[in-house]
Amino acid sequence: MGIYQHLTTFAGRPIADLSPDPDADPDESVELSGEDGKDGAARSPRKAYRLAGAFEGVPFDEILDAFLDGADCSAVTHLVIGYWGASYDDGAADPTALLVAAADRLPSLEALFIGDIVGEESEISWIEQSDITPLFEAFPRLAHLEVRGGTGLKLSPVKSDVLRTLRFEAGGLPGAVVRAVGDSDLPALEHLDLWLGVGDYGGDARIEDLAAILGGARLPSLKHLGLENSEIQDEIARAVAGAPIVARLESLSLAMGALTDPGAEALVAGQPLTHLKRLDLHHHYLTDATMERLRTAFPGVEVDLDEQDEAEDDWVYVAVSE
């Protein structure tokens with residue numbers, strides 16, 4: 001999933017963008033473009049609705065109010081939240097707090113993306129999140145949650161019997177969030193992606209923070225694990241090579257990070273990975289010989305080795321940081 005274009009689909013639904021005209025007078029009543037019904041009509045459960053503001057545009061809380069008041073939202077299952085402002089912007093808001101406060105208006109919500117924000121609106125490291133823990137109690141049907149941006153992001157351990165997909169995209173994911181994921185009880189979770197990022201942007205997770213995830217005791221249904229975009233990708237590869245959870249996976253991604261030959265060699269020397277359908281290592285610093293060794297070692301596995309890069313004066317970089 002890219003971070004340079006807005007989503008056009010989300011969790012199997014086409015996106016209906018109901019954002020206001022960016023050139024509209026902020027003092028006038030909010031009118032959302034693309035309305036799909038008159039006042040009082042029900043919004044469609046077959047769409048994912050995207051709500052977003054613009055820099056110095058209509059405040060996000062007013063956009064959300066217009067969405068909720070414009071039609072019956074009780075059937076809305078998929079919601080995408082775009083730009084909501086920043087600390088230096090008069091339109092700044094806390095989308096999580098606003099959504100939790102409006103939970104009774106969205107009783108069917110199953111899939112939520114907070115942060116469909118591209119670089120021209122805000123660099124990923126500038127996206128200001130908050131404590132997302134209350135979402136799980138407010139929306140008990142939440143089966144799919146994606147969050148972009150790690151600044152200010154907090155999470156306490158949660159329990160959910162319905163969450164199947166959890167993704168965090170960040171230039172720096174706090175270690176406390178990583179530990180909270182591992183300490184959560186998520187028996188239905190099938191897909192987990194963590195963009196760990198770099199220390200300069202708050203990505204302070206270490207191998208020990210991944211222990212509960214790699215042990216897998218609280219993730220009995222996990223089929224895909226992504227530990228990506230990390231400056232310690234070699235250490236992660238070594239830990240994954242002996243991790244109990246790997247044996248039950250169908251796909252594994254260590255992509256987008258600073259993976260070099262020693263990390264790849266650890267994967268080859270570790271537990272068998274030939275049961276995987278896919279091994280994603282794209283954006284890496286592997287030599288041609290090591291790439292061929294990986295292809296030979298894992299016959300029948302789709303190994304993605306795209307985006308080979310070369311270290312610059314021994315410097316290696318993750319794909320997404322700032």
Side-chain angles (χ1 to χ4, degrees), residues 3 5-11 13-124 126-132 134-135 138-139 142 145-149 151-153:
I3 62 170
Q5 297 87 30
H6 289 301
L7 300 176
T8 56
T9 63
F10 173 56
R13 300 285 195 278
I15 286 180
D17 193 336
L18 298 189
S19 304
D21 182 346
D23 297 323
D25 186 341
D27 295 327
E28 298 291 334
S29 59
V30 179
E31 294 186 5
L32 301 179
S33 63
E35 287 285 10
D36 59 342
K38 297 180 180 179
D39 287 356
R43 298 199 188 275
S44 173
R46 296 185 295 274
K47 298 179 181 179
Y49 290 96
R50 180 178 186 272
L51 305 176
F55 181 69
E56 296 184 343
V58 178
F60 183 79
D61 58 345
E62 296 182 23
I63 296 171
L64 179 60
D65 286 343
F67 172 69
L68 295 171
D69 295 339
D72 179 7
C73 293
S74 61
V76 171
T77 58
H78 289 53
L79 195 58
V80 175
I81 305 300
Y83 185 80
W84 57 80
S87 58
Y88 50 80
D89 180 359
D90 290 340
D94 180 348
T96 293
L98 292 173
L99 288 170
V100 169
D104 62 330
R105 310 281 297 278
L106 296 162
S108 301
L109 192 66
E110 298 177 359
L112 177 62
F113 191 115
I114 302 180
D116 182 26
I117 298 171
V118 298
E120 63 187 27
E121 297 168 316
S122 175
E123 298 291 351
I124 193 170
W126 301 353
I127 299 173
E128 298 179 60
Q129 294 285 356
S130 62
D131 188 349
I132 63 169
L135 291 170
F139 301 105
L142 195 62
L145 177 62
E146 301 191 36
V147 178
R148 180 176 295 165
T151 299
L153 182 65

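This structure is a prediction, so every number in the text was calculated from the model and none was measured.
Side chain of Tyr49 to backbone of Ser44: a donor-acceptor contact under 3.5 angstrom is found. Here the side chain of Ser108 pairs a donor or acceptor atom with the backbone of Ser74 at under 3.5 angstrom.
Contact detail for Pro14 and Thr9: the closest heavy-atom pair is CA-CG2, 4.2 Å. The shortest heavy-atom contact between Pro45 and Thr77 is O-OG1, 3.3 Å. Contact between Gly53 and Ile63 at its shortest, heavy atoms only, is CA-CD1, 3.5 Å. The heavy-atom pair separating Arg43 from Ala75 by the smallest distance is O-CB, 3.7 Å. Looking at every heavy atom in both residues, Pro95 comes nearest to Phe60 through CB-CE2, 4.3 Å. What you find for Gly82 and Ala52 is that their closest heavy atoms are CA-CB, 3.7 Å.
Under the 4.5 Å side-chain criterion, counting only non-hydrogen atoms from C-beta, Thr151 is not in contact with Ile127. Looking only at side-chain heavy atoms (C-beta outward), Phe55 and Ser122 stay at 4.5 Å or farther from each other. With a 4.5 Å cut-off on side-chain heavy atoms, Leu64 and Trp84 do not count as touching. Proximity of Leu99 to Leu109: side-chain heavy atoms (C-beta onward) are nowhere separated by under 4.5 Å. Contact of the Leu112 side chain with the Leu79 side chain is registered, since non-hydrogen atoms from C-beta on lie closer than 4.5 Å.
For Glu110, the salt bridge (charged side-chain N to carboxylate O under 4.0 Å, His left out) partners at least two apart in sequence or on another chain are Arg141. For Ala103, the side-chain contact (heavy atoms from CB on, under 4.5 Å) criterion is met by Ala138, Phe139, not counting sequence neighbours. Partners of Arg105 by salt bridge (charged side-chain N to carboxylate O under 4.0 Å, His left out), not counting sequence neighbours, listed by chain and number: Asp69. Under the rule for a side-chain contact (heavy atoms from CB on, under 4.5 Å), the partners of Asp131 that lie at least two apart in sequence or sit in another chain are Thr133, Pro134, Lys154. Remark: Asp116 engages His6, Leu7, Arg50, Val80, Phe113, Arg148 in a side-chain contact (heavy atoms from CB on, under 4.5 Å) (not counting sequence neighbours). Under the side-chain contact (heavy atoms from CB on, under 4.5 Å) criterion, Glu123 pairs with Ser125, Trp126, Glu322, not counting sequence neighbours.
Between atom CD of residue Glu146 and atom CD1 of residue Ile114 there is a gap of 11.0 Å, rounded to the nearest 0.5 Å. Rounding to the nearest 0.5 Å gives a distance of 11.5 Å between CD1 of Ile3 and CD1 of Ile117. Separating the CD atom in Glu120 from the CD atom in Gln5 is a distance of 9.5 Å, to the nearest 0.5 Å. Atoms CG and CD1, from Leu51 and Ile81 in turn, are 5.0 Å apart once rounded to the nearest 0.5 Å. Note that the CZ atom of Phe10 and the NE2 atom of His78 stand 6.5 Å from one another [nearest 0.5 Å].
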